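Numbers here are sequence positions counted from 1. For clarity, every value in this text was computed on a predicted model and none was experimentally measured. Just follow the structure's listing: the first ligand is 1, and inside any ligand the first atom is 1.
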Amino acid sequence: MDFQLTEEQRLFSDSVRRFAEKQLAQDAVKRAHQDGFPWDVAEMMADMGLLGITIPEKDGGLGGTLLDAIIAIQEVALVCPRSADVVQAGNFGALRTFAQYATELQKSRFLPELLAGKAVMSVAMTEPDAGSAVTELKTRAVPDGDGFRVSGSKIFTTHSSEANLFLVYVRFGPGTGGIGSVLVERESEGFQIGTPSRFMNGETWSQLYFDNCYVGPKNILLPEGGFKKQISGFNVERLGNSARALAVGRCAFNIAREHALTRKQFGRPLCEFQGLQWKFAEVAVRLEAAQLLLYRAAVNAGLGLPDGYDTAVAKLACNQAGFDAANEAVQILGGLGFSEECLVEYCLRRTRGWMIAGGSVEILKNRIAEAIFERRFDQRPPR
Ligand SMILES: Cc1cc2nc3c(=O)[nH]c(=O)nc-3n(C[C@H](O)[C@H](O)[C@H](O)COP(=O)(O)OP(=O)(O)OC[C@H]3O[C@@H](n4cnc5c(N)ncnc54)[C@H](O)[C@@H]3O)c2cc1C
């Protein structure tokens with residue numbers, strides 16, 4: 001077992017870090033409080049080859065492994081947490097599921113703009129009555145000629161204010177087997193994007209309304225029976241969230257470490273108080289343990305999609321470790337940590353969101369328990 005990155009991975013990691021320190025570090029705090037998708041960062045990242053890292057070269061990507069993409073998002077998040085949203089959207093989010101299952105025609109229509117950092121894609125899964133129980137979604141697709149008419153509504157869709165393309169989970173028929181997905185373009189007739197609301201992490205989302213919205217045959221991504229494939233693709237998104245949670249927690253930890261070395265109270269630097277040393281030690285162990293679980297999930301996936309169990313274990317560990325690190329960092333920085341002038345309060349708000357988004361920590365624990373007991377625990381009441 002080798003716990004070191006290869007020489008090539010180390011060089012890649014160093015080059016992303018240098019780019020992040022040169023181009024992104026200076027405005028990291030400002031960017032954390034800015035509304036809207038950071039398009040300037042997206043174009044810079046496209047130029048740096050940081051979008052489509054795991055997408056095959058024939059489709060315009062770099063043909064790298066999932067671990068390469070994890071390395072990239074970590075290095076960016078460590079320096080500028082907000083900019084890591086761009087790496088997520090360009091490698092781990094809806095785009096990755098899309099690239100996995102799209103037809104050649106769909107890929108040639110949409111990937112060039114997405115990989116150039118000129119467009120962004122959202123995944124619309126959650127509905128007012130279908131959150132953790134996502135298979136209860138009601139948005140339906142009814143046949144109309146060669147295509148379908150979509151009606152229903154979605155909530156909490158990340159980047160909905162800016163996205164050009166939406167990967168929408170829909171119901172073609174009853175039950176889990178009736179679920180698939182379609183691609184809806186922003187300007188489609190019968191598709192409306194509601195007034196933006198704000199999460200406590202600063203991100204905005206808008207409710208999406210589909211009213212008999214026509215989706216032609218060219219925009220069907222996964223037909224009826226596609227739910228399992230959809231969730232396999234979504235596991236990549238979950239690892240992106242895990243990597244960001246961990247790196248953003250580490251970012252807060254590093255800021256707290258610097259502070260503890262320089263800030264003096266009672267005539268000595270904070271790092272000389274054992275009560276604080278132990279906080280650092282405990283956080284460091286949690287971060288390092290979660291890091292190994294994240295690497296395991298990514299390495300086992302190689303060039304493919306990650307395993308569901310590996311993903312659940314990694315996401316749970318990273319979500320918890322990242323949040324704990326940011327939370328302790330706020331405490332260690334005192335009033336400064338609680339202030340918007342310092343990045344750690346933003347790290348706290350972001351890491352908190354990932355404990356809910358993309359499979360809450362409770363739902364991950366359910367998944368892990370099923371693996372432990374080698375049986376399925378239906379969460380629905382007995383009929
Ligand atoms: C920052 C952020 C970004 C998001 N981005 C997107 C996006 O881009 N696209 C999208 O479609 N959705 C997105 N979501 C929505 C997210 O997927 C849902 O919020 C999540 O699945 C939980 O659903 P819910 O909010 O309806 O909570 P509910 O399902 O109502 O759950 C409420 C609470 O009960 C717990 N719970 C529910 N069922 C069980 C159970 N069986 N066992 C134990 N505990 C349970 C949950 O863990 C949670 O703590 C985002 C959410 C956040 C916070």
* Asked: So among Arg367, Lys315, Arg296, which one has a salt bridge (Lys or Arg N to Asp or Glu O under 4.0 Å) with Asp310?
  -> Arg296
* **From Ile356, Val168, Ile155, Ile363 - option closest to atom 45 (C) of ligand 1 by heavy atom** => Ile363
* Structure fact -> Going by the 4.0 angstrom heavy-atom rule, the piece of Ser132 near ligand 1 is both
* Asked: What do the steps show when you test Asp307 against Asn300 for side chain to side chain donor-acceptor pair (under 3.5 Å), and what is the final call?
  -> CA-CA 8 Å; Asp307 171 72; Asn300 284 347; over 6 Å; no
* Under 3.5 Å, side chain of Glu127 to main-chain N/O of Lys138, donor-acceptor pair present? -> yes
* Structure fact -> Ranked by distance from atom 41 (N) of ligand 1, the top protein heavy atom is Gln379 OE1, 2.9 Å
* Of all residues at least two apart in sequence or in a different chain, which pass the ring-ring contact (aromatic ring centres under 6.0 Å, His included) check with Phe323? -> none
* Test item: side-chain donor near acceptor, Ser232 and Asn235, under 3.5 Å -> no
* Just need the protein heavy atom nearest to atom 24 (P) of ligand 1, so name the residue and atom and give the distance. => Gly131 CA, 4.0 Å
* side chain to side chain donor-acceptor pair (under 3.5 Å) between Thr97 and Glu237: does it pass, once the steps are laid out? -> CA-CA 9 Å; Thr97 308; Glu237 171 132 18; 5.8 Å; no
* **Selected option - heavy-atom contact closest to atom 15 (C) of ligand 1, from Leu137, Leu364, Asp129, Thr126** => Thr126
* **Residue and atom name of the nearest protein heavy atom (relative to atom 47 (O) of ligand 1), distance in Å to one decimal** => Ser360 OG, 2.6 Å
* Is there at least one protein heavy-atom neighbour under 4.0 Å from atom 37 (C) of ligand 1? -> yes
* Structure fact -> Looking only at protein heavy atoms, what sits closest to atom 8 (O) of ligand 1 is Thr158 N, 2.9 Å
* Asked: Identify the closest protein heavy atom to atom 48 (C) of ligand 1: which residue and atom is it, and at what distance?
  -> Glu362 OE1, 4.2 Å
* Structure fact -> Judged by heavy atoms only, the candidate from Trp354, Phe156, Trp205, Phe234 nearest atom 50 (C) of ligand 1 is Phe156
* Cluster link Met125 to Phe172, ILVMFWY, side chain under 4.5 Å -> no
* Asked: Which part of His159 is near ligand 1, with near meaning a heavy atom under 4.0 Å away: side chain, backbone, both or neither?
  -> neither
* Asked: Between Cys347 and Cys251, which heavy-atom pair has the shortest distance, and what is it?
  -> SG-SG, 4.1 Å
* Asked: Within a distance of under 4.0 Å, is there any protein heavy atom near atom 28 (P) of ligand 1?
  -> yes
* Asked: Do any N or O atoms from the side chain of Arg171 and from the backbone of Leu137 form a donor-acceptor pair under 3.5 angstrom?
  -> yes
* Structure fact -> re atom 40 (C) of ligand 1, the protein heavy-atom contact at minimum distance is Asn366 ND2, 3.6 Å
* Asked: Any idea which protein heavy atom is nearest atom 9 (N) of ligand 1, and the distance to it?
  -> Val123 O, 2.8 Å
* Exercise check, heavy-atom protein proximity under 4.0 Å to atom 12 (N) of ligand 1 -> yes
* Asked: Does atom 33 (C) of ligand 1 have a protein heavy-atom neighbour under 4.0 Å away?
  -> no
